[in-house]
Amino acid sequence: MYDSVGTLLGNPRATYDSAGNETLTYTEYDVFVMPRSVYNAEFYNAAQAGLHPSITFEINNKADYHGERLIRWNGVIYNVIRADWTAQRDKLSLVCEERVHNG
């Protein structure tokens, strides 16, 4: 059941305050997701490539995804490692790893 909401974060846009400090802002898109575990084989294969997948999000409607590289769920930001089409034509799985720095 897709009763959880994730927020896809679009490409960042830099803004600057009066002191010249940069702040990144993202376009945000809420989507219904189903969080899933990462399969063991996938975890170990990715680890050999230096990646650390920690969660997979299945998106109910693949049309909601536009290549975003970040997703926020339950206050945690994840990097999208890979997007996979599921056997069901309208769904998409995002294999993700938790960001080391969530700022």
Side-chain angles (χ1 to χ4, degrees):
M1 179 182 285
Y2 295 88
D3 58 358
S4 190
V5 175
T7 303
L8 293 168
L9 305 175
N11 291 331
R13 191 182 85 214
T15 56
Y16 299 90
D17 63 17
S18 59
N21 298 314
E22 180 183 62
T23 301
L24 296 178
T25 56
Y26 297 88
T27 304
E28 299 186 4
Y29 307 95
D30 288 340
V31 294
F32 287 105
V33 298
M34 183 185 311
R36 297 190 178 268
S37 298
V38 175
Y39 294 108
N40 286 339
E42 179 169 26
F43 177 83
Y44 291 113
N45 289 338
Q48 290 177 350
L51 302 172
H52 305 285
S54 55
I55 194 166
T56 298
F57 296 103
E58 187 173 294
I59 296 178
N60 189 37
N61 184 353
K62 71 180 180 185
D64 291 337
Y65 182 70
H66 303 99
E68 292 86 359
R69 303 308 305 160
L70 299 173
I71 184 169
R72 183 175 55 236
W73 181 70
N74 284 350
V76 177
I77 297 177
Y78 297 88
N79 294 317
V80 176
I81 296 172
R82 189 178 75 252
D84 287 331
W85 307 115
T86 66
Q88 297 171 324
R89 300 174 77 184
D90 59 339
K91 299 184 186 334
L92 180 76
S93 289
L94 301 178
V95 179
C96 301
E97 67 180 346
E98 187 173 342
R99 288 179 60 150
V100 175
H101 172 23
N102 277 310

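The first residue in the sequence is number 1, and the count goes up from there.
Atom CG of Asn79 and atom CD1 of Ile71 lie 11.5 Å apart (nearest 0.5 Å). The structure places CZ of Arg36 at 11.0 Å from CD1 of Ile55, a figure rounded to the nearest 0.5 Å. Distance check, rounded to the nearest 0.5 Å: CZ of Arg69 to CG of Leu94 gives 8.5 Å. For the atom pair OH of Tyr26 and OG1 of Thr7, the computed distance is 13.5 Å after rounding to the nearest 0.5 Å.
For the pair Val31/Phe57, no side-chain contact is recorded, criterion being any heavy-atom separation below 4.5 Å from C-beta on. With contacts defined as side-chain heavy-atom distances shorter than 4.5 Å, the pair Asp84/Thr56 does not qualify. Looking at Asn60 and Lys91, their side chains come closer than 4.5 Å, going by heavy atoms from C-beta outward.
Minimum heavy-atom separation, Glu22 to Ala14: OE2-CB, 3.4 Å. Heavy-atom minimum distance, Tyr65 versus Ala83: CE2-CB, 3.9 Å.
The main-chain N or O of Ile77 is never found under 3.5 Å from a side-chain atom of Arg72 such that the two would form a donor-acceptor pair. For the pair Ser4 (side chain) and Val33 (backbone), a donor-acceptor distance under 3.5 Å is absent.
Enclosure of atom CG in Asn11 is not indicated, since only 12 or fewer non-hydrogen atoms of other residues, nucleotides or ligands lie within 6.0 angstrom. The number of heavy-atom neighbours closer than 6.0 Å to CZ of Phe32, taken from other residues, nucleotides and ligands shown, is 12 or below.
By the side-chain contact (heavy atoms from CB on, under 4.5 Å) test, Asn74 is found to be paired with no residue, residues two or more places apart in sequence or in another chain being considered. Scored by the side-chain hydrogen bond (donor to acceptor under 3.5 Å, both in side chains) test, Asp64 finds no partners at all (sequence neighbours excluded). In terms of the side-chain contact (heavy atoms from CB on, under 4.5 Å) criterion, residue partners of Thr27 (sequence neighbours excluded) are, by chain and number, Tyr29.
No side-chain N or O of Glu98 forms a donor-acceptor pair with one of Tyr78 less than 3.5 Å apart.
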